[in-house]
Amino acid sequence: MSAALVLGDRGSGLTTFVGLLYTAQVRLGIDESDEFRFHADRESIRRLEAIYGELGSGRFPTHDEDWQQHPLSFVFGFRRGRLRSLGNTPGPSDGFDTVEVLVGGLPTDEAAELDAHDALLDRETRELLSSRVVIPLVDAVALSPDPNDAERLSLARADRLLASTFALLEKFVAAERERRTRRLFPLFVLTKVDRLHLETLRRLDAPSGVPSEWKAEARRAFGDRLLRQYYPETARQLDGSHRTDGLAISRPEWFYSGLATELIADELRVQRRSRAPAGGWEPSYPFEEYRSLIETLGRLAHRLPAVQAG
Ligand SMILES: Nc1nc2c(ncn2[C@@H]2O[C@H](COP(=O)(O)OP(=O)(O)OP(=O)(O)O)[C@@H](O)[C@H]2O)c(=O)[nH]1
Ligand SMILES: [Mg+2]
């Protein structure tokens, strides 16, 4: 089993993201019950269900999670061969390729500090840091079109923290004995895209239409420009061209998440739609983005060796 590590700064939309990822998994579990597996311990399920319930009733998550004290993890997988269209070779029909998604055991501000004390790290933290797949959240609200905006200061801080988190992860993965396993896959999620300023979209030369309609290359290219302009240190950190330690860093993939919202009696609510054919309601969220993230993780699970503590 491989592991993927979700990284989110405070307020970046982490809890909402986790809830939507779970919402999409519930749907995949119904739509593709023979091909898709989901597993989590009882306590994690309880917490995921609570967030799922809130989003499904049109509210942003309220009782906040202390991910750091109580990291959450769940496992999902596709039947081997299910992702053939993505270039896999079919395997035995009873086998599943699984990936463990680890949430929030490692807030970015902590990670930056860990770098200075890596000799003292416990086994769990070392395991986290050996994840080959990293899912950082980028908050679209922080991407102000005005370069002199006060928000730029906190953005610069977020950039520095993310860059040092990657530096730390790179150090761990580069220390792998086997050269072919020294590879890092960044999968960025831009959260709150419904609140992206038009001017920011223009500055970043966004294609027309909503992100889920953009072509594969346009999605990556937009992400590349966003990193270069708003997260320059992180962009430099992920540019592996000058590395000498044999670590390969894949070009980042980008996923775009936003919710339709409405103000009801001064409260920001999540718009909902009916969840046909299963019945009930679900938030108006971009299911295809989440499906594509889940499938990308499944494809990587097939390619990656099992993670061992470094
Ligand atoms: N418009 C819009 N707002 C969002 C979206 N996701 C999150 N938000 C807003 O951001 C707030 C914080 O979202 P959370 O998911 O709780 O973010 P978090 O990173 O878990 O926040 P903390 O736990 O407080 O660090 C929510 O209450 C919403 O107001 C989105 O997709 N669209
Ligand atoms: Mg939260």
Side-chain angles (χ1 to χ4, degrees), residues 1-9 71 73 86-87 97-138 156-189 220-221 223-255 293 296-310:
M1 184 164 62
S2 338
L5 177 62
V6 180
L7 298 173
D9 230 346
S73 89
L86 296 167
D97 287 317
T98 55
V99 60
E100 178 177 20
V101 178
L102 307 159
V103 183
L106 193 73
T108 44
D109 48 354
E110 295 282 313
E113 278 188 24
L114 288 179
D115 198 14
H117 311 284
D118 71 346
L120 307 175
L121 299 181
D122 56 38
R123 206 185 101 87
E124 252 171 42
T125 311
R126 283 178 173 274
E127 250 170 47
L128 278 180
L129 293 173
S130 309
S131 309
R132 312 293 202 290
V133 182
V134 185
I135 308 177
L137 305 192
V138 170
R157 179 188 149 274
D159 179 25
R160 209 165 46 244
L161 291 176
L162 187 55
S164 40
T165 304
F166 269 114
L168 180 63
L169 289 159
E170 288 168 18
K171 201 161 80 179
F172 269 78
V173 178
E176 288 294 323
R177 268 187 302 273
E178 256 191 276
R179 196 181 177 91
R180 66 178 185 87
T181 66
R182 292 183 214 146
R183 182 173 266 286
L184 207 61
F185 298 90
L187 310 178
F188 280 85
V189 176
R220 288 196 201 100
D224 288 346
R225 289 193 293 276
L226 190 158
L227 272 193
R228 273 201 307 275
Q229 287 201 29
Y230 289 94
Y231 280 74
E233 278 193 47
T234 303
R236 271 195 296 281
Q237 189 65 42
L238 293 179
D239 168 19
S241 54
H242 52 271
R243 299 198 75 97
T244 53
D245 53 11
L247 174 71
I249 304 174
S250 291
R251 184 178 176 195
E253 300 277 353
W254 283 79
F255 302 89
L293 172 61
T296 301
L297 287 167
R299 191 188 59 203
L300 291 173
H302 186 80
R303 286 182 52 183
L304 289 171
V307 166
Q308 279 142 21

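In this text, all values refer to a predicted model and were calculated from it rather than measured experimentally. Positions are given from 1, in the same order as the sequence printed here.
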Between [X] and [Y], what is the shortest heavy-atom contact and its length?
X	Y	value
E100	S73	OE2-OG, 3.0 Å
R251	D224	NH2-OD2, 2.7 Å
A3	S131	O-CB, 3.7 Å
S250	R183	OG-NH1, 2.8 Å
A174	D245	CB-OD2, 3.4 Å
S130	F172	OG-CD2, 4.2 Å

In the structure I gave you, are the side-chain heavy atoms of V173 and L247 within less than 4.5 Å of one another anywhere? yes
Got L238 and L227 here, is their nearest side-chain heavy-atom distance under 4.5 Å? yes
Which of these passes side-chain contact (heavy atoms from CB on, under 4.5 Å) with L7: L161, I135, L102, T165?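 With L7 as partner, L161, I135, L102, T165 yield a single side-chain contact (heavy atoms from CB on, under 4.5 Å), made by T165.
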Are the side chain of R182 and the backbone N or O of R177 linked by a donor-acceptor pair below 3.5 Å? yes
Please check if the side chain of D97 supplies one atom and the backbone of A301 the other of a donor-acceptor pair under 3.5 Å.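 Between the backbone of A301 and the side chain of D97 there is no qualifying donor-acceptor contact (under 3.5 Å).
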Test side chain to side chain contact (heavy atoms under 4.5 Å, CB included) on V138 and L226 and set out the steps. CA-CA 10 Å; V138 170; L226 190 158; 4.3 Å; yes
Classify the ring geometry of F166 against F188: parallel below 30°, tilted from 30° to 60°, perpendicular beyond 60°. tilted
Might you work through the side chain to side chain contact (heavy atoms under 4.5 Å, CB included) test for T296 and F185, ending with a clear yes or no? CA-CA 10 Å; T296 301; F185 298 90; over 6 Å; no
Value rounded to 0.5 Å, distance of [atom1] in [X] from [atom2] in [Y]:
X	Y	atom1	atom2	answer
D159	R236	CG	CZ	8.0 Å
I249	E170	CD1	CD	3.5 Å
S164	E233	OG	CD	8.0 Å

May I have the step-by-step check of side chain to side chain contact (heavy atoms under 4.5 Å, CB included) for L187 and L293, ending in yes or no? CA-CA 8 Å; L187 310 178; L293 172 61; 3.9 Å; yes
Intermediate values then yes/no, side chain to side chain contact (heavy atoms under 4.5 Å, CB included), E176 and R132: CA-CA 11 Å; E176 288 294 323; R132 312 293 202 290; 3.6 Å; yes
Are there more than 12 heavy atoms of other residues, nucleotides or ligands under 6.0 Å from atom CZ of R243? yes
